[in-house]
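Below you'll find the structure, written out as structure tokens, and then a few comments.
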2 protein chains.
Amino acid sequence: MLLKQGISADMSGPQTACDQDFGKPDNGPGPDMLEAKLWDNPCPFTFRINYLALLYNTPLYNWIHDTYGLKRPEYVVLYSLALADGGSARDISRTSGFPKNTLSRAIKRLELMGLIEARSKTPGGGRKQALHLSDKGRALFNETLPAFAAQEQRMLTALSQGERQMLFELMSKVVIAANDWAGGLPPEAGPTN
Amino acid sequence: MLLKQGISADMSGPQTACDQDFGKPDNGPGPDMLEAKLWDNPCPFTFRINYLALLYNTPLYNWIHDTYGLKRPEYVVLYSLALADGGSARDISRTSGFPKNTLSRAIKRLELMGLIEARSKTPGGGRKQALHLSDKGRALFNETLPAFAAQEQRMLTALSQGERQMLFELMSKVVIAANDWAGGLPPEAGPTN
DNA sequence: AAAAGCAAGTTCCAAATGGAACTGTATGCA
DNA sequence: TGCATACAGTTCCATTTGGAACTTGCTTTT
């Protein structure tokens, strides 16, 4: 996730924590494990990335679940189609990381709930099927998006406009170069001969 | 995850994708859903963060699982204790996002595998218990850490040293300010009166 | 110093997850 | 045109997950 440059990070938890209160209340004494993971971690970048993902996702998805009864994969499908209408389950899987069977179930349920257009029933699956949000689905998206956007804004309040711009560009660079670094593992893979 | 500043992102998948091949092979045509999530997303920062977490975590945890038979929560416990020896299950939960029952199981198994020191058996749980890696556990950590660190380095190859420094500082700022922005939801919470 | 409160850890069990096998469609090749 | 391959989507089922209730032990109150 990060780079090793003096600090360090542990990484990766579940991408949402359903337990946690995350009320900022005190957190006063105690978490000096957090200090260690922030400032004494061989993987400082990745820890930060995973930790930010956790802090951001958890309350939002809990809220979505409690308010709309949608599980994470379901909302992700909704969100994905809102941004890329006509996308397929495979596209969503590639860009979200959920396995295709999980998405198959999510799509089935969304269809049942009338949040996405009914597909011309293809029993066995067949070939790539373009998915579309229903009006109801789009309405739900429009209703919930502000919360996601607002939380992102709140997350960034510590940064100036210039800093946000910079952060955006740096993260973009890394993502764009993903073809060159992602998927190289297992580590033992050695040189590409 | 991000901020909204012109671009956008959908967010949050499972934090590792066990399916996915992620071989960078082609990905040539097709994923223009990825394009949409990157460049036309109301939450461009959070998408990038979640996507990077996905790309980074997936191959590493798959490798850990295949090579050492450790599941994600188990390895996270190991990693956490390596950085903060004597930490408790609660500390790990707070910093990783895994619920405490999942960690309880993970710890039990690690203990059984001899990777962490046996705790003076406290049936019901009792009060905070400090956990410690065994020599074997530390050896496993030392053996696996390089892969995590190396992958983080590979991830950052697109950035110059100065850019890495900048990225590090920006992410640190956001994390440090977490008390001010995290956990504010549900969104409806309104002003704090 | 008993009682109440609280927090860490464990157990239980219903639900969700995801690997593997399968179904069915499209595409490439002979 | 027929066959083989590739691949999107589905189904199956064993494993994992995580909310809720419970146990235990520290800490505060009176």
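Worth saying up front: this structure is predicted, and the values here are computed from it rather than measured. Below, read A as the first sequence line, B as the second, and so on, with proteins coming before strands; counting in each chain starts at 1.
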**Prompt:** Counting only side-chain N and O atoms of B:Lys71, is one of them less than 4.0 Å from OP1 or OP2 of D:dT16?
**Reply:** yes
**Asked** Are A:Arg94 and D:dA8 close enough that a side-chain N or O sits under 4.0 Å from OP1 or OP2?
**Response** no
**Request:** Return the angle between end axes of the helix from C:dA1-D:dT30 to C:dA30-D:dT1, with five pairs used per end and rounding to 10°.
**Result:** 30°
**Request:** Could you tell me the separation between the CD atom of A:Glu74 and the C1' atom of C:dA15, rounded to a whole number of Å?
**Result:** 12 Å
**Prompt:** Distance check: side-chain N/O of B:Arg119 vs OP1/OP2 of C:dT10, anything under 4.0 Å?
**Reply:** yes
**Message:** Rounded to whole Å, please give me the gap between CG in A:Asn62 and P in D:dT17.
**Reply:** 18 Å
**Item:** Qualifying residues under salt bridge (charged side-chain N to carboxylate O under 4.0 Å, His left out), relative to A:Glu117, sequence neighbours excluded
**Value:** none
**Request:** Let me know the distance between CZ of B:Phe98 and C1' of C:dG9, rounded to the nearest Å.
**Result:** 18 Å
**Prompt:** From D:dA8, C:dT17, C:dG9, pick the nucleotide closest to the side chain of B:Gln129?
**Reply:** C:dG9
**Message:** If the condition is side chain to side chain contact (heavy atoms under 4.5 Å, CB included), which residues does B:Ala84 pass it with, not counting sequence neighbours?
**Reply:** A:Met33, A:Ala36
**Message:** Are more than 12 heavy atoms, taken from residues, nucleotides or ligands other than A:Asp135, located less than 6.0 Å from that residue's CG atom?
**Reply:** no
**Request:** Using the test salt bridge (charged side-chain N to carboxylate O under 4.0 Å, His left out), find all partners of B:Arg138 that sit at least two apart in sequence or belong to another chain.
**Result:** none
**Fill in**
Among the nucleotides D:dT10, C:dT17, D:dG18, whichever has the atom closest to the side chain of A:Pro73 is C:dT17
**Prompt:** In whole angstrom, what separates A:Tyr61's OH from D:dT17's P?
**Reply:** 20 Å
**Request:** Please report, rounded to the nearest Å, how far the P atom of C:dT23 is from the NZ atom of A:Lys100.
**Result:** 14 Å
**Message:** Test of understanding: with salt bridge (charged side-chain N to carboxylate O under 4.0 Å, His left out), list the residues that count as partners of B:Lys173, not counting sequence neighbours.
**Reply:** A:Glu163
**Message:** Taking donor-acceptor contacts at under 3.5 Å, does the side chain of A:Asn101 reach the base of D:dG9?
**Reply:** no
**Message:** Nearest whole Å is fine: how far is C:dA7 C1' from B:Asp91 CG?
**Reply:** 13 Å
**Prompt:** Excluding sequence neighbours, so at least two apart, what forms side chain to side chain donor-acceptor pair (under 3.5 Å) with A:Lys136?
**Reply:** none
**Request:** Carefully, step by step, assess B:Glu169 and B:Gln165 under the rule side chain to side chain donor-acceptor pair (under 3.5 Å).
**Result:** CA-CA 6 Å; B:Glu169 284 167 13; B:Gln165 176 70 28; 2.4 Å; yes
**Request:** Check side chain to side chain donor-acceptor pair (under 3.5 Å) between B:Thr144 and all other residues, then give those that pass, not counting sequence neighbours.
**Result:** B:Tyr75
**Item:** Partners meeting salt bridge (charged side-chain N to carboxylate O under 4.0 Å, His left out) with B:Arg105 (sequence neighbours left out)
**Value:** none
**Request:** Round to a whole Å and report the spacing from NZ of B:Lys128 to P of C:dC6.
**Result:** 17 Å
**Prompt:** Near DNA chain C, which residues from residues 102-110 of chain B have a heavy atom under 4.0 Å away?
**Reply:** B:Ser104, B:Arg105, B:Lys108
